[in-house]
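Written below as structure tokens is the structure these notes are about.
In each ligand, atom 1 is the first atom listed, and ligand 1 is the first ligand listed.
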Amino acid sequence: MTKYVYDFTEGDKDQKDLLGGKGANLAEMTKLGLPVPPGFTITTEACREYLSIGTEPGDLRVQVTMALRHLEDKTGRRLGDRHDPLLVSVRSGAKFSMPGMMETVLNIGLNDASVKGMAEESGDERFAWDSYRRLLQMFGKTVLDIPGEVFADALDKAKATRGLANDLELGVEDLKELVTEFKGFIVEHSGVDFPQHPREQLDMAIRAVFNSWNTDRARLYRRRERISQDLGTAVNICTMVFGNLGETSGTGVAFTRDPASGKTGAYGDYLPNAQGEDVVAGIRNTLSLDDLKNLDPDSHRQLLRVMRRLETHYRDLCDIEFTIERGKLWMLQTRVGKRTPAAAFRIAAQLVDENLITMDEALARVTGAQLALLMFPQFDRSAERVLLTKGMAASPGAAVGRAVFDSPTAQEWAARGEQVVLVRRETNPDDLGGMIAANGILTQRGGKTSHAAVVARGMGKTCVCGAEQLDIDVVAKRLTLGSTTISEGDEISIDGTTGEVFAGAMPVVPSPVATYIENGLESALADADAETADLVKAVDRVLSHADAVRRLAVRANADTHEDAARARSLGAQGIGLCRTEHMFLGDRRSLIERVILAHSGDERDAALEALLPLQREDFRELLRAMDGLPVTIRLLDPPLHEFLPDRTELAVKVAVAEATGQTGDAVEADRKLLHAVERMHESNPMLGLRGVRLGLVVPGLFGLQVRAIAEAACDLVLDGHDPRVEIMVPLVGSVRELHIIRDEAEAILAEVTQARGVVLGASAPRGQHSLSVPIGTMVELPRAALTAHRIADEADFFSFGTNDLTQTTWGFSRDDVEAELFVKYLEKGVFTISPFETIDADGVGRLVEIAVKEGRATKPGIKLGVCGEHGGDPESIHFFHNAGLDYVSCSPFRVPVARLEAGRASVI
Ligand code: PEP
Ligand code: MG
């Protein structure tokens with residue numbers, strides 16, 4: 001019999017796959033002897049079974065009965081009993097936390113009879129009826145799919161007609177009326193009575209949690225977070241403890257360190273006389289842990305002790321949910337907490353200083369994506385500003401955009417290219433689409449643990465929450481503060497690092513972390529405040545450690561000396577790809593056009609001759625900028641037609657000339673040009689005359705480039721520089737192609753070096769200048785990968801062109817598929833991320849592995865790198881590390897991220 005149900009005493013924190021994050025950590029806390037209410041977890045496997053067969057697996061019912069009886073024996077109470085009933089919560093808990101995405105039902109076990117037993121036992125009739133009211137509301141919404149507003153509106157109306165501001169002021173009779181009303185809604189909307197049988201309530205709630213795995217918003221969230229759609233959720237059934245039993249009770253959320261800034265010291269929100277999700281929902285404003293200390297010093301002390309214990313045990317920032325029931329502390333959840341990028345770096349460094357983790361672990365605790373976020377610009381503090389108000393700094397960054405007041409508008413405006421800031425009174429999971437589309441999120445209500453804050457932090461999106469002074473009217477689509485009004489479409493700026501909200505668009509400046517990476521520690525610390533200095537130093541420590549431990553070198557893809565210099569300042573250790581076709585854009589295009597259209601060898605030679613000095617200068621500047629570091633220059637790659645005029649435009653021009661009887665040299669030239677363009681037209685240019693094929697078809701073209709490279713390098717050597725140029729041949733599929741080009745290139749290199757008195761080769765006799773120019777190839781066609789053992793004979797290095805390799809392995813046109821087709825493919829789960837973004841390890845990656853193995857078998861010392869876009873993608877970098885490459889090459893701005901991830905790949 002498959003075991004589908006685990007008591008909290010059975011599991012541990014390493015069983016997240018089976019028990020989900022919440023279940024595994026509840027079990028761990030139980031094991032640690034912390035005060036966790038008894039309960040049990042239904043496994044993710046049961047959920048997967050349920051979702052695939054459409055009903056609960058047969059054994060599950062029996063196992064739930066056994067676990068429930070055990071729970072009843074332990075607590076000495078019966079589920080839903082008419083005297084002193086046992087009540088349970090039913091909560092989802094997937095392997096990866098998905099805040100607010102899935103369902104929870106509290107107070108299962110209450111019915112018309114047990115509500116009275118509960119009132120008697122607790123001595124608090126109001127509490128019992130309030131709990132019943134909550135059950136009906138949550139059950140109606142979550143299990144029976146009745147719109148939440150049906151209940152919320154009735155609750156608001158009940159308060160309004162009685163002139164009350166707060167739920168807590170509703171009396172017993174009011175709540176009884178609401179219960180009757182809610183039961184009526186349930187019949188009206190679902191066609192069935194609210195189930196009075198406790199076990200039926202439990203079974204329905206479990207099913208609802210299973211089903212909540214597949215709601216649209218949960219699927220969307222997982223797609224965005226790259227969580228597999230197949231994991232399923234566990235379900236935790238936990239004895240209810242009550243934070244709504246009067247003023248000596250309450251519920252809260254806390255962090256062992258500040259998850260926004262990373263500052264040491266416990267941080268949290270507490271809501272007295274409240275239950276479950278009230279804190280996270282941000283409905284009432286919360287108290288701080290210091291306030292709790294004044295209210296209930298004993299529980300506060302105990303809470304801090306538990307938090308310290310958890311942090312020592314997990315050796316990381318933990319977040320927790322707790323409830324205090326009449327002065328007794330209960331732990332309802334813990335996990336290693338989400339944090340902002342700044343907090344991640346600061347906490348990693350702090351934990352090293354506290355001797356809780358090693359530097360390797362610190363490196364593993366941060367990510368390249370977090371570093372990238374820290375490099376974003378911030379608001380210019382010296383600029384003139386109109387400070388509207390200050391809310392809570394919930395998720396850092398500087399966001400500027402037009403104010404929008406609902407999620408659909410945010411999505412619609414963003415889709416047409418507008419920058420927007422989503423302004424809401426508070427957010428709920430239905431706002432997810434708008435939150436993704438917006439640059440930033442601003443809310444009026446809720447603390448740092450509200451839905452808006454938690455979700456925004458998870459997305460790395462700027463968020464200011466709890467800006468209470470603002471009056472946000474989502475119906476009229478405006479916010480007001482005193483005499484200032486910001487309406488839909490007006491510009492607004494929010495600072496998620498300070499909580500400030502500004503009217504208008506604030507200018508932004510570079511972040512201190514970007515300044516540090518580009519200009520060094522001293523310059524970044526020059527006028528930094530203590531917190532910024534702490535962050536910059538933490539980044540420096542972790543990034544330096546990454547540099548020290550990584551095996552992969554990091555190069556940049558750069559085509560100009562300006563880009564190369566930038567890349568170098570960001571830590572690039574060379575250029576892995578200079579795309580020389582980018583040197584022929586604009587004015588120079590016509591020079592290539594002349595080469596292609598030449599009628600005779602002489603004409604072509606003259607055209608090439610004109611190009612030579614330009615190319616020589618390009619290469620000289622590039623090599624000078626990277627003096628002493630390797631620079632891989634790729635010979636021309638793009639399809640020929642890219643250098644010719646547009647076929648349709650030219651055809652129209654010629655047709656007009658003919659129709660209007662124009663004659664003369666210009667018309668004749670156009671006609672010839674059209675003829676040439678038509679001759680060269682290709683249906684699939686990406687698979688046509690490009691790369692090495694071009695070099696073989698157009699005599700002298702590659703030769704010209706090799707000559708320019710050789711001359712530039714010799715000039716620099718003779719000037720006392722140290723150029724380390726490498727020549728790369730693109731789109732090779734056969735060793736023969738490479739062999740022909742290599743022969744030609746070697747002859748030119750020999751000729752140029754000899755003419756200038758430079759010795760070609762690694763070592764020269766004393767007093768003589770030498771130049772060594774490795775010649776290698778891109779591996780970007782499946783055939784190249786599959787014949788790597790032969791190609792390696794002719795290549796000093798391979799550089800994997802994973803853009804083309806992905807295109808040709810999958811047969812996807814890289815310029816066309818990403819728009820329509822991939823949206824569908826992602827939706828249907830063919831892949832969770834575009835293979836052009838993250839390497840498809842099983843297919844394209846396998847070709848890389850084959851080429852690495854076979855290339856090295858032929859030539860053990862062959863240098864191996866990657867220069868496709870994947871070279872800057874964190875997950876792909878880990879793949880390339882494991883595949884045994886020597887370097888990755890990526891766009892200059894991704895170099896710091898690649899350095900960090902290459903380091904992480906070495907320690908994870
Ligand atoms: C590649 O194909 O991966 C590559 C780097 O070359 P390009 O993107 O220029 O085709
Ligand atoms: Mg390519």
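Salt bridge status for Arg856 with Asp886: present, with a side-chain N to carboxylate O gap under 4.0 Å. Under the 4.0 Å criterion applied to side-chain N and carboxylate O atoms, Arg588 and Asp618 are assigned as salt-bridge partners. We find that Asp804 and Arg814 are joined by a salt bridge, their nearest charged nitrogen and carboxylate oxygen being less than 4.0 Å apart. We find that Glu649 and Lys653 are not joined by a salt bridge, their nearest charged nitrogen and carboxylate oxygen being 4.0 Å or further apart.
One finds the CG atom of Leu363 at 5.5 Å from the NE2 atom of His545 (value rounded to the nearest 0.5 Å). Here Phe619 contributes atom CZ and Arg624 contributes atom CZ; the two are 14.5 Å apart, rounded to the nearest 0.5 Å.
Distances from the Mg ion (ligand 2) to each N, O or S atom of Asp804 single out OD2 as the nearest. Distances from the Mg ion (ligand 2) to each N, O or S atom of Glu780 single out OE1 as the nearest.
Within the listing of ligand 1, atoms 10 (O) sit less than 4.0 angstrom from a heavy atom of Arg690. Listed by number with element, the atoms of ligand 1 under 4.0 angstrom from any heavy atom of Gly801 are 1 (C), 2 (O), 3 (O). The ligand atoms of ligand 1 that sit less than 4.0 angstrom from a heavy atom of Leu577 are 5 (C). Residue-ligand proximity, Cys867 to ligand 1, at heavy-atom distances under 4.0 Å covers atoms 5 (C). The atoms of ligand 1 that sit less than 4.0 Å from any heavy atom of Asp637 are 10 (O).
Shown here is Arg790, whose CZ atom has no more than 12 heavy atoms of other residues, nucleotides or ligands within 6.0 Å. When the shell of 6.0 Å around CZ of Arg846 is examined, it contains 12 or fewer heavy atoms from other residues, nucleotides or ligands. Other residues, nucleotides and ligands contribute over 12 non-hydrogen atoms within 6.0 Å of the NE2 atom of His582.
Neither the backbone nor the side chain of Gln807 has a heavy atom within less than 4.0 Å of ligand 1. Contact annotation for Asn557 and ligand 1: no heavy atom of the residue comes within less than 4.0 Å of the ligand. Contacts between Asp804 and ligand 1 below 4.0 angstrom, taking non-hydrogen atoms only, involve backbone and side chain alike. Using a 4.0 Å cut-off between heavy atoms, Arg634 contacts ligand 1 through its side chain alone, with no backbone atom that close. Contacts between His870 and ligand 1, counted as non-hydrogen atom pairs separated by less than 4.0 Å, are absent for every part of the residue. Contacts with ligand 1 closer than 4.0 Å are made by no heavy atom of Leu805, backbone or side chain. With a 4.0 Å cut-off on non-hydrogen atoms, Arg814 touches ligand 1 through its side chain and not its backbone.
Of the protein's non-hydrogen atoms, the one nearest atom 9 (O) of ligand 1 is Arg579 NE, 2.7 Å.
Close to ligand 1: Met778, with a non-hydrogen atom less than 4.0 angstrom away.
Checked by atom type, the side-chain pair Asn803/Glu869 shows no donor-acceptor distance below 3.5 Å.
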